[in-house]
Number of protein chains: 2
Amino acid sequence: MSDSEEAAQPPAARPTGPRSTTARPGKRERLIRSATEIAHSHGVQGTTLALVAKAADVPLGNVYYYFKTRDDLLRAVVDEHARRVDDLLASLDRRSTPRSRLKGLARNWAEAADLVAAHGCPIGGLSADLGKLDGGLRACAARLLRTLIDWAAGQLTELGVPDAPAEAVSLLARVQGAALLTNAFDDPKLLTEEITRIERAIDQLADAAQAAP
Amino acid sequence: MSDSEEAAQPPAARPTGPRSTTARPGKRERLIRSATEIAHSHGVQGTTLALVAKAADVPLGNVYYYFKTRDDLLRAVVDEHARRVDDLLASLDRRSTPRSRLKGLARNWAEAADLVAAHGCPIGGLSADLGKLDGGLRACAARLLRTLIDWAAGQLTELGVPDAPAEAVSLLARVQGAALLTNAFDDPKLLTEEITRIERAIDQLADAAQAAP
DNA sequence: GTCTATACCCAGATAGAC
DNA sequence: GTCTATCTGGGTATAGAC
């Protein structure tokens with residue numbers, strides 16, 4: 001490296017695996033994935049570097065080559081979720097109608113009912129956990145929920161639903177609350193049934209908007 | 001004490017303050033109250049004995065005279081919430097109609113909007129936090145939510161609402177989800193507006209049941 | 001770049017004087 | 001009953017050999 005201001009600069013978020021097609025992802029990526037999983041199952045405060053390093057099969061001391069501090073790793077976890085949300089919304093955007101897109105979003109939680117029953121909603125749980133921290137991480141997770149609400153509000157607007165932003169908040173609230181109860185009672189069926197009801201509510205909103213334009 | 005099997009037996013949950021009318025509550029009670037507050041603001045994992053002892057103005061070592069382990073103290077926190085829930089529901093039961101009782105329950109969250117924005121719903125947060133623990137505490141918090149749902153289902157049944165249990169779950173889910181978003185965005189208004197919408201939903205359920213008995 | 005060993009701190013819990 | 005001092009374990013973070 002001729003252009004040197006830092007002797008050893010971490011890879012800094014390469015697109016995907018840096019190696020050949022079949023090799024497992026690089027260490028940085030493995031660490032992020034493990035941390036994301038453990039933050040979901042054990043909560044943010046239970047996400048210790050020892051657990052993450054072990055799950056990623058990376059020696060503990062080596063973690064600090066990729067992340068200066070534990071908070072940096074947690075920030076990367078939020079970014080990872082942001083990527084996943086963007087991917088999901090992009091795939092939903094390919095559907096033909098706003099109604100189908102909104103239902104697809106709701107269905108997405110129902111499909112993960114078992115995971116949600118076991119550990120809660122990854123995004124909702126992360127938000128709640130980060131909200132109880134002291135540092136700059138506090139506000140960092142609300143952006144995931146914000147993205148989802150804004151997207152839903154856009155779909156509702158396209159449907160001609162009046163008061164779309166408030167309806168979007170209600171929709172997300174119903175999903176998040178259902179996820180919380182599902183986790184509390186460890187009962188996937190609660191989530192699938194509640195999502196069905198939410199899909200009905202989406203239909204009613206769409207039908208009402210179509211009837212009175 | 002003539003009836004001695006234990007040399008020093010902790011007070012074991014006396015009804016209220018053991019002293020004269022104006023003295024502050026006993027140490028055990030102060031510890032429970034401080035722990036309840038800190039569990040709300042810092043989360044269960046952030047509820048350290050040092051913090052609790054300091055807030056209750058009790059020396060750290062003395063905590064163990066009242067609670068054998070930290071888990072015991074956390075169990076006492078859940079019990080404290082259970083008491084508060086029972087009190088709330090008992091006071092609501094004095095209202096004349098199920099509709100008014102249900103709205104009163106919803107209003108209860110709206111009145112605490114600032115606290116919810118700052119730290120989330122005490123019960124929902126506790127449930128989520130305990131769900132991520134290993135030990136026997138895991139299932140212990142779901143009972144608070146269970147109590148609320150069962151009570152709401154009873155009120156809806158009395159109203160003649162069909163599928164009352166599922167409607168009760170939906171109602172609680174909406175409240176809990178609204179609380180989660182309110183906390184994530186640190187915005188009390190979000191909760192008050194969402195509760196208003198939930199009250200409207202209660203009216204609609206009641207009106208519909210009355211129209212078609 | 002990678003990994004071992006370890007410093008350092010703060011948590012829960014205990015001992016024992018008072 | 002009350003409180004100080006302390007033990008022990010596990011957490012983040014660093015030093016430094018390779």
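A note on names: the letters A, B, ... follow the listed sequences, proteins ahead of strands, and every chain is numbered from 1.
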Polar atom pairs between nucleotides 3-5 of chain C and protein, under 3.5 Å, N or O only, would you list them?
{"unit_1": "C:dC3", "atom_1": "OP2", "unit_2": "A:Lys27", "atom_2": "NZ", "d": "2.5"}
{"unit_1": "C:dC3", "atom_1": "OP2", "unit_2": "A:Asn62", "atom_2": "ND2", "d": "3.1"}

Roughly how many Å is it from CD in A:Gln45 to P in C:dG12, rounded to a whole number? 12 Å
For the side chain of A:His42 and the backbone of A:Glu37, is there at least one donor-acceptor N/O pair under 3.5 Å apart? no
Main chain of B:Leu191, side chain of B:Thr182: is a donor-acceptor contact present, judged purely on distance under 3.5 Å? yes
Find the distance B:Phe67:CZ to C:dA11:P and express it as a whole number of Å. 19 Å
What's the OH-C1' distance between A:Tyr64 and D:dT14, to the nearest Å? 9 Å
Is a side-chain N or O of B:Arg30 found less than 3.5 angstrom from the main chain of B:Ala56, in a donor-acceptor match? yes
Specify the separation, in whole Å, of atom CG of B:Leu49 and atom P of D:dT6. 20 Å
Cut-off 3.5 Å, no hydrogens considered: what does the side-chain donor-acceptor table look like for residues 133-143 of chain A, sequence neighbours left out?
{"unit_1": "A:Arg138", "atom_1": "NE", "unit_2": "A:Gly131", "atom_2": "O", "d": "2.9"}
{"unit_1": "A:Arg138", "atom_1": "NH2", "unit_2": "A:Gly131", "atom_2": "O", "d": "3.4"}
{"unit_1": "A:Arg143", "atom_1": "NH2", "unit_2": "A:Asp79", "atom_2": "OD1", "d": "3.4"}

What's the CG-C1' distance between A:Asp71 and D:dT12, to the nearest Å? 11 Å
Sequence neighbours left out, what passes side-chain contact (heavy atoms from CB on, under 4.5 Å) with B:Ala168? Give chain and number order. B:Ile149, B:Ala152, B:Ala153, B:Leu156
Short side-chain N/O contact from A:Tyr66 to OP1 or OP2 of C:dT2, under 4.0 Å: yes
Rounded to whole angstroms, how far apart are NE2 on A:His42 and P on D:dG11? 10 Å
As a test of reading the structure: which of D:dG1, C:dA13, D:dT12 is closest to the side chain of B:Tyr65, going by heavy atoms? D:dG1
